[in-house]
Amino acid sequence: MLDIKIVRENPERIKEMVKLKKVNANFEIEDLLKIDVERRNLTNKIGIMQSERNDFNKKIFEIKKSGEDLSKTMLKMKNLSDKISSFKSELSELEIKQKNILLSIPNLPHESVPIGLSDKENLEIRKVGNVRKFDFKIKSHWEIGKNLDILDFERGSKVSGSRFCFYKNLGAKLERAIINFFLDTHTENGYSEIFPPFIVNKDSMFGTGQLPKFEEDMFKLENLNYFLIPTAEVPVTNLHRNEILSSNKLPLKYCAYSACFRAEAGSAGKDTRGLIRMHQFNKVELVKLCKPENSYEELELLTQDAEKVLKLLALPYRVVSLCTGDLSFCSAKTYDIEVWMPSYSKYVEISSCSNFESYQARRMSIKYKNNLKEKAQLVHTLNGSGVAVGRTVAAILENYQKPNGTFEIPEILKKYM
RNA sequence: GGAGAAGUACUCAAGUGGUUGAAGAGGUUCCCCUGCUAAGGGAAUAGGUCAGGAAACUGUCGCGAGGGUUCGAAUCCCUCCUUCUCCGCCA
């Protein structure tokens with residue numbers, strides 16, 4: 001959520017920036033500004049009237065003590081109270097309207113974000129590792145997985161549905177080894193390990209921005225206000241919702257394994273094969289809360305921390321800076337890390353590292369103070385996959401494959417298996 | 001799931017309709033006293049909205065959340081949430 005003051009001060013800039021983000025902008029900045037003015041006038045009026053009411057209240061108490069006639073004063077007080085309550089209900093309508101509009105405005109891209117409409121205009125920042133040249137006909141990870149009986153998509157469909165999969169035997173062990181390897185690497189890097197709930201309430205989904213706009217992408221538990229988490233970002237960032245942190249604790253760095261659940265509405269037919277787009281997948285997530293002045297530095301560090309596991313696995317990857325049109329709703333700046341996927345002959349997203357600035361923190365009211373007397377300020381929140389586990393399995397199977405249809409286990413994982 | 005009790009600020013806690021626009025204590029910070037330490041004395045101490053202001057500040061809101069009753073609610077009523085105790089169920 002954007003600060004209304006920023007909208008008020010520079011509405012034209014907001015309009016331009018939102019356009020760059022390629023979001024269906026079905027809100028009107030002019031309406032918002034009008035509501036804002038009305039809201040402020042009304043708040044002011046109510047404040048004055050309430051102050052009057054407080055004076056009356058004192059007077060009534062004194063008159064009552066002296067035993068004089070109250071009826072006149074009471075009548076005045078009642079009139080005042082009636083007015084206040086009607087103004088108040090008007091005000092709460094305005095507040096709701098204003099909030100709804102603000103919730104539907106995406107975050108503004110940072111000035112360093114390349115301008116563009118689609119992923120074609122993303123900016124490659126660096127390429128790491130060498131793409132292996134195969135001197136035999138390569139197989140896709142789903143072929144390798146099926147042949148070795150370590151991935152079972154058919155039975156996944158039978159038992160659950162399309163986009164579900166069983167990992168079997170060494171496949172299951174590999175998945176588990178990767179999770180442990182990721183968590184160990186990140187905790188050694190100073191991240192505190194969290195094992196979060198996989199089900200969260202509505203407030204949490206609003207906090208990180210999945211609601212209200214993206215409800216159809218989520219799995220909702222029927223008749224309950226509960227959602228399956230699409231990423232550990234949701235429970236872990238919401239850990240500190242409605243809290244004021246002391247600044248000496250910042251930056252807070254968390255890593256968390258979770259299963260992730262995504263409805264993948266509207267993505268039928270897209271990347272359907274293999275482990276790339278599942279309804280349920282495993283991921284280790286990195287989350288940071290920090291002071292505003294450090295957040296872009298922290299984003300660089302977070303991205304490097306995510307890259308580290310790919311380096312250790314010796315998987316070739318590249319880092320791209322998403323252009324304005326490819327940036328997600330809440331993000332001010334995002335680096336995608338893309339791993340080389342031989343069967344696709346291209347780099348495939350395996351991590352997304354974003355700085356949300358104060359956009360999520362304002363929704364969640366996460367603040368910090370340098371000392372007791374200072375006014376609390378919003379933190380900046382960041383997160384990034386560190387990294388997606390299923391896609392790592394896919395990348396390992398393909399990049400480490402051998403002519404006989406098997407594959408190597410990366411050196412670093414051997415002690416985990 | 002059933003029954004009961006409770007939720008007040010950093011912590012503990014008083015408070016059953018107006019003098020609480022939240023007592024008191026502890027903690028913390030600052031100051032005084034003191035040769036130093038202890039003891040003692042004093043002051044400050046939640047967050048949020050909006051308006052005015054350069055700022056200090058002033059006003060308003062605020063007692064788990066949201067509604068209601070009332071001229072007036074921390075206090076009375078309703079719904080929900082959380083915690084604790086007992087019962088039931090259970091990995």
Side-chain angles (χ1 to χ4, degrees), chain A residues 1-9 32-103 195-207 211-212 221-227 235 238-250 259 289 358 360-379:
Chain A
M1 197 162 81
L2 295 177
D3 187 352
I4 182 68
K5 284 181 201 136
I6 292 174
V7 182
R8 201 185 292 153
E9 277 160 20
L32 181 60
L33 293 175
K34 222 161 68 186
I35 290 168
D36 179 45
V37 171
E38 285 174 44
R39 197 196 96 251
R40 280 151 68 204
N41 287 341
L42 205 53
T43 314
N44 215 14
K45 246 192 242 172
I46 290 171
I48 293 165
M49 289 164 84
Q50 273 171 335
S51 161
E52 276 174 49
R53 185 173 67 182
N54 288 336
D55 293 341
F56 262 122
N57 205 13
K58 268 185 203 157
K59 230 186 268 170
I60 287 178
F61 178 68
E62 274 157 30
I63 296 173
K64 211 174 172 185
K65 258 201 315 203
S66 71
E68 285 170 43
D69 181 34
L70 263 175
S71 51
K72 247 185 172 171
T73 321
M74 292 274 259
L75 197 66
K76 275 191 203 159
M77 178 97 157
K78 178 157 176 55
N79 284 334
L80 187 61
S81 286
D82 287 347
K83 250 192 238 168
I84 289 175
S85 63
S86 87
F87 278 154
K88 264 192 173 169
S89 63
E90 222 178 292
L91 178 65
S92 77
E93 264 176 52
L94 287 173
E95 281 171 343
I96 290 167
K97 266 193 209 165
Q98 173 169 316
K99 189 161 189 198
N100 285 340
I101 296 178
L102 279 173
L103 283 173
F195 186 79
F198 294 178
I199 295 175
V200 295
N201 61 28
K202 233 179 171 168
D203 287 343
S204 297
M205 294 292 267
F206 268 97
L211 292 181
L221 299 190
E222 201 173 11
N223 299 327
L224 294 167
N225 273 331
Y226 285 140
F227 292 83
N238 275 282
L239 252 182
H240 296 291
R241 171 151 52 88
N242 289 324
E243 288 185 20
I244 294 171
L245 308 163
S246 125
S247 70
N248 57 26
K249 289 194 181 148
L250 301 177
L289 308 184
S358 59
Q360 289 182 327
R362 185 169 292 103
R363 288 171 165 244
M364 272 183 276
S365 185
I366 307 180
K367 299 186 173 178
Y368 77 95
K369 278 186 178 193
N370 288 311
N371 56 59
L372 273 173
K373 287 188 178 163
E374 192 179 79
K375 195 174 154 68
Q377 300 181 61
L378 293 167
V379 300

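Residue numbers start from 1 in every chain, and the chains themselves are labelled A, B, ... in the order their sequence lines are given, proteins ahead of strands. Computed from a predicted structure; not experimentally measured.
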**Asked** On a whole-Å scale, what distance lies between the C1' atoms belonging to B/G1 and B/C12?
**Response** 35 Å
**Request:** State which residue, out of A/Gln50, A/Met49, A/Lys83, fulfils the side chain to side chain contact (heavy atoms under 4.5 Å, CB included) condition with A/Lys88.
**Result:** A/Gln50
**Fill in**
Judged by nearest nucleotide, the residue sitting upstream toward the 5' end of RNA chain B, A/Lys5 or A/Phe61, is A/Phe61
**Prompt:** What nucleotide among B/U49, B/G18, B/G59 has an atom nearest to a side-chain atom of A/Ser51?
**Reply:** B/G59
**Message:** Under 3.5 Å for both pairing distances: what stems, at least three Watson-Crick or G-U pairs long, include RNA chain B?
**Reply:** B:1-7 with B:81-87, B:10-12 with B:24-26, B:27-32 with B:40-45, B:64-68 with B:76-80
**Message:** Could you tell me how far apart A/Gln50 (CD) and B/C71 (C1') are, to the nearest whole angstrom?
**Reply:** 14 Å
**Message:** Check this one for me: any side-chain N or O of A/Asn54 less than 4.0 Å away from OP1 or OP2 of B/C61?
**Reply:** yes
**Message:** Can you check the distance between B/U49 and B/C61, where both ends of the measurement are the C1' atom (answer in whole Å)?
**Reply:** 7 Å
**Nearest-Å distance once atom P is located in both B/A6 and B/U58** = 38 Å
**Request:** Would you give the length of the straight line joining atom NZ of A/Lys99 to atom CE of A/Met1, rounded to the nearest 0.5 angstrom?
**Result:** 5.5 Å
**Asked** Got a second to check how far A/Leu75's CG is from A/Met77's CE, nearest 0.5 Å?
**Response** 12.0 Å
**Asked** Would one find a side-chain N or O of A/Arg39 under 4.0 angstrom from OP1 or OP2 of B/C50?
**Response** yes
**Message:** I'd like to know if A/Asp82 and A/Lys78 make a salt bridge, using a cut-off of under 4.0 Å between side-chain N and carboxylate O.
**Reply:** yes
**Prompt:** So which nucleotide from B/G48, B/G72, B/C50 ends up closest to the side chain of A/Asn57?
**Reply:** B/G72
**Item:** Cation-pi check, A/Lys76 onto A/Phe56 ring (under 6.0 Å, within 45° of axis)
**Value:** no
**Asked** To the nearest Å, how far apart are A/Gln98 CD and B/U49 P?
**Response** 12 Å
**Item:** Phosphate-side-chain proximity, A/Arg40 and B/U49, N/O vs OP1/OP2 below 4.0 Å
**Value:** no
**Message:** Can you confirm whether A/Ile199 sits close enough to A/Leu224 that some side-chain heavy atom of one is under 4.5 Å from a side-chain heavy atom of the other?
**Reply:** no
**Request:** For B/U8 versus B/C76, give the span between their P atoms, rounded off to a whole number of Å.
**Result:** 16 Å
**Asked** Rounded to the nearest 0.5 Å, what separation is found between the NZ atom of A/Lys367 and the OG atom of A/Ser247?
**Response** 15.5 Å
**Prompt:** Taking the C1' atom of each, how far is B/A46 from B/C10, in whole Å?
**Reply:** 9 Å
**Asked** How far does the P atom of B/U29 sit from the matching atom of B/U37, given to the nearest Å?
**Response** 15 Å
**Request:** First locate atom OG of A/Ser85, then atom CG of A/Leu80, and finally report the distance between them rounded to the nearest 0.5 Å.
**Result:** 10.0 Å
**Prompt:** Under 4.0 Å between a Lys/Arg side-chain N and an Asp/Glu carboxylate O for A/Asp36 and A/Arg39?
**Reply:** yes
**Message:** In whole Å, I'd like the distance from the CD1 atom of A/Ile4 to the P atom of B/A51.
**Reply:** 11 Å
**Phosphate-side-chain proximity, A/Lys58 and B/G72, N/O vs OP1/OP2 below 4.0 Å** = no
**Item:** Nearest-angstrom distance from the residue atom NZ of A/Lys59 to C1' of B/G72
**Value:** 14 Å
**Asked** Contact class for A/Ile48 vs. all strands (heavy atom < 4.0 Å): base, sugar-phosphate, or nothing?
**Response** nothing
**Item:** A/Ser51 side chain to A/Asn54 side chain, donor-acceptor N/O pair below 3.5 angstrom
**Value:** no
**Request:** Starting from P on B/C10, measure out to NZ on A/Lys249 and report it in whole angstrom.
**Result:** 13 Å
**Asked** Of all the nucleotides listed (B/C61, B/C71, B/U49), which has the minimum atom distance to the side chain of A/Thr43?
**Response** B/U49
**Separation of B/G48 P from A/Asp3 CG (nearest whole Å)** = 13 Å
**Prompt:** When you look at CZ of A/Phe206, are more than 12 heavy atoms from neighbouring residues, nucleotides or ligands closer to it than 6.0 Å?
**Reply:** yes
**Prompt:** Between atom CD in A/Glu95 and atom P in B/G66, what is the gap in whole Å?
**Reply:** 12 Å
**Prompt:** Taking atom C1' of B/G62 as reference, at what distance in whole Å does atom CZ of A/Arg53 sit?
**Reply:** 13 Å
**Prompt:** When the P atoms of B/C63 and B/U11 are considered, how many whole Å apart are they?
**Reply:** 16 Å
**Request:** Just call it for A/Asn44: base, sugar-phosphate, or nothing, with non-hydrogen atoms closer than 4.0 Å on any strand.
**Result:** sugar-phosphate
**Request:** Check each residue of residues 74-83 of chain A for a non-hydrogen atom within less than 4.0 Å of any atom in RNA chain B, then write out the ones that pass by number, or none.
**Result:** A/Met74, A/Met77, A/Lys78, A/Ser81
**Whole-Å C1' distance, B/U83 and B/A65** = 15 Å
